[in-house]
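Naming convention: chains lettered A, B, ... in sequence-line order (proteins, then strands); numbering from 1 in each chain. Being a predicted model, the structure only gives us computed values, none of them experimental. When reading the values below, keep in mind they use all heavy atoms of this one structure, side chains included, and skip hydrogens, waters and symmetry mates.
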Amino acid sequence: MDFSTLNDAERAHVQKLIEQKQMRDFMKFYTGLVERCFNDCVNDFTSKALTTKEETCVLRCTDKFIKYNERISLRFGELNQEFMQQQAAAAAQQQPGMNP
Amino acid sequence: MSYLYGGINQQQTINPQNVAMAEQELEIVTDTFQRIVDSCFKKCIPTQYLEGELNKGESVCIDRCATKFFK
């Protein structure tokens, strides 16, 4: 994301928006994790308590999802950067110098 | 605005259009990211959860999935 066209005041404003968004995204991540692991692991309602099997499944699910998220965030960051560079290069090519 | 002095100009105004554009770009990027997360999870991670770590196959699958999504 290119913020070089924004002035300082705008940049500060956008930074605040990013922070708020990160907070919201974190909550979404947490609730998504809970729902996903519940749907995949907890299907035995013969008792109110979690069975050992369900508990192990939930622990593995949580571990796995968090590690998965770390890895994919990394890859996404790399790919997105590459993509932005390609876009910038393509845009620069379409506007070859302003020299008369 | 003076070009001779550095530092933040106290009278900088916020152009709402610039901010809106930056915000929109942010939305698009995070939405794309969310889609990648959901799709690649469904495709690469089986729901049996045999262990808490990502095994090699899943790791490779994740890398390829993300790359293909961008293509």
Side-chain angles (χ1 to χ4, degrees), chain A residues 1-22 24-25 28-29 32-33 35-37 39-43 53-84 86-87, chain B residues 1-3 5-71:
Chain A
M1 284 174 287
D2 178 25
F3 294 139
S4 57
T5 52
L6 303 176
N7 66 33
D8 289 326
E10 287 167 349
R11 212 171 291 193
H13 185 82
V14 171
Q15 192 58 39
K16 211 157 63 148
L17 289 174
I18 290 179
E19 280 166 27
Q20 287 169 350
K21 193 162 189 33
Q22 276 178 336
R24 279 200 305 269
D25 286 349
K28 238 186 264 181
F29 170 79
L33 168 66
E35 188 183 8
R36 197 183 287 275
C37 292
N39 286 340
D40 290 341
C41 288
V42 181
N43 292 308
K53 189 168 165 209
E54 285 173 339
E55 249 190 82
T56 325
C57 177
V58 164
L59 286 170
R60 287 181 189 152
C61 170
T62 317
D63 268 345
K64 196 164 251 194
F65 189 74
I66 290 178
K67 293 194 171 101
Y68 164 80
N69 211 64
E70 279 172 5
R71 193 184 182 97
I72 205 153
S73 301
L74 209 67
R75 291 290 161 257
F76 181 81
E78 294 165 359
L79 290 165
N80 197 40
Q81 192 144 13
E82 224 178 278
F83 182 71
M84 300 295 288
Q86 281 172 6
Q87 297 279 70
Chain B
M1 274 193 296
S2 167
Y3 293 100
Y5 302 105
I8 296 179
N9 184 340
Q10 294 295 322
Q11 288 167 350
Q12 275 178 340
T13 50
I14 295 181
N15 179 349
Q17 206 177 14
N18 285 350
V19 172
M21 256 172 43
E23 206 178 334
Q24 198 174 41
E25 198 177 346
L26 193 65
E27 285 292 330
I28 291 174
V29 171
T30 45
D31 182 60
T32 310
F33 177 67
Q34 201 49 51
R35 284 171 202 271
I36 291 186
V37 168
D38 287 339
S39 307
C40 292
F41 191 86
K42 276 187 216 140
K43 290 179 195 286
C44 291
I45 316 275
T47 54
Q48 286 92 6
Y49 303 118
L50 301 162
E51 47 161 14
E53 302 279 333
L54 291 170
N55 66 39
K56 190 103 178 89
E58 288 163 354
S59 302
V60 168
C61 179
I62 292 168
D63 293 345
R64 288 179 185 159
C65 177
T67 314
K68 276 200 172 175
F69 195 100
F70 263 91
K71 293 234 181 283

Q: To the nearest 0.5 Å, how far apart are CD in B:Glu23 and CD1 in B:Ile28?
A: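 If we round to the nearest 0.5 Å, B:Glu23:CD and B:Ile28:CD1 are 11.5 Å apart.
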Q: What part of A:Leu79 gets closer than 4.5 Å to chain B, counting heavy atoms only: side chain, backbone, both or neither?
A: both
Q: For B:Asp38, is there an ion pair with A:Arg36 - N to carboxylate O distance below 4.0 angstrom?
A: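 Salt bridge between A:Arg36 and B:Asp38, a charged N being under 4.0 Å from a carboxylate O: yes.
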Q: Any salt bridge linking B:Arg35 with B:Asp31? Criterion: basic side-chain nitrogen under 4.0 Å from a carboxylate oxygen.
A: yes
Q: In chain order, what residues pass the side chain to side chain contact (heavy atoms under 4.5 Å, CB included) check against A:Glu78, with sequence neighbours excluded?
A: A:Leu74, A:Arg75
Q: Where does A:Asp25 contact chain B at under 4.5 Å (heavy atoms): side chain, backbone, both or neither?
A: side chain
Q: Using heavy-atom distances under 4.5 Å, tell me whether A:Thr56 contacts chain B through its side chain, its backbone, both, or neither.
A: neither
Q: Tell me, side chain or backbone of A:Lys28 under 4.5 Å from chain B's heavy atoms, or both, or neither?
A: neither
Q: Relative to chain A, which of B:Cys40, B:Ala66, B:Ser59 shows the most heavy atom pairs under 4.5 Å?
A: B:Ser59
Q: Taking the two cysteines A:Cys41 and A:Cys61, do their sulfur (SG) atoms come closer than 2.5 angstrom to each other?
A: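 Taking the criterion (SG atoms under 2.5 Å apart), A:Cys41 and A:Cys61 fail it, so no.
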Q: Between B:Asp63, B:Leu50, B:Ile45, which residue shows the highest count of heavy-atom pairs closer than 4.5 Å to chain A?
A: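 Of the options given, most contacts go to B:Asp63.
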Q: I'd like to know if the side chain of A:Gln20 and the backbone of A:Leu17 have a donor-acceptor N/O pair within less than 3.5 Å.
A: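 No; judged by distance alone, with no hydrogens or angles, the pair does not exist.
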Q: Checking A:Tyr68 against chain B: side chain, backbone, both or neither under 4.5 Å from a heavy atom?
A: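 A:Tyr68 touches chain B through backbone and side-chain heavy atoms alike.
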Q: Looking at CD of A:Gln81 and CZ of A:Phe76, how far apart are the two atoms once the value is rounded to the nearest 0.5 Å?
A: 11.5 Å
Q: Answer with side chain, backbone, both or neither: which region of B:Thr67 has an atom nearer than 4.5 Å to a non-hydrogen atom of chain A?
A: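 Interface part for B:Thr67: both.
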Q: Count the heavy-atom pairs under 4.5 Å between each of B:Thr47, B:Ile36, B:Thr32, B:Val37 and chain A, then report the option with the highest count.
A: B:Val37
Q: In terms of heavy-atom proximity below 4.5 Å to chain A, should B:Glu58 be classed as side chain, backbone, both, or neither?
A: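 For B:Glu58, the side chain is the part near chain A, not the backbone.
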Q: Heavy-atom distance under 4.5 Å to chain A: side chain of B:Phe41, backbone, both or neither?
A: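 For B:Phe41, heavy atoms of backbone and side chain both lie under 4.5 Å from chain A.
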Q: According to salt bridge (Lys or Arg N to Asp or Glu O under 4.0 Å), does anything in residues 41-54 of chain B pair up with another residue at least two apart or in another chain? List the pairs.
A: A:Lys67-B:Glu53
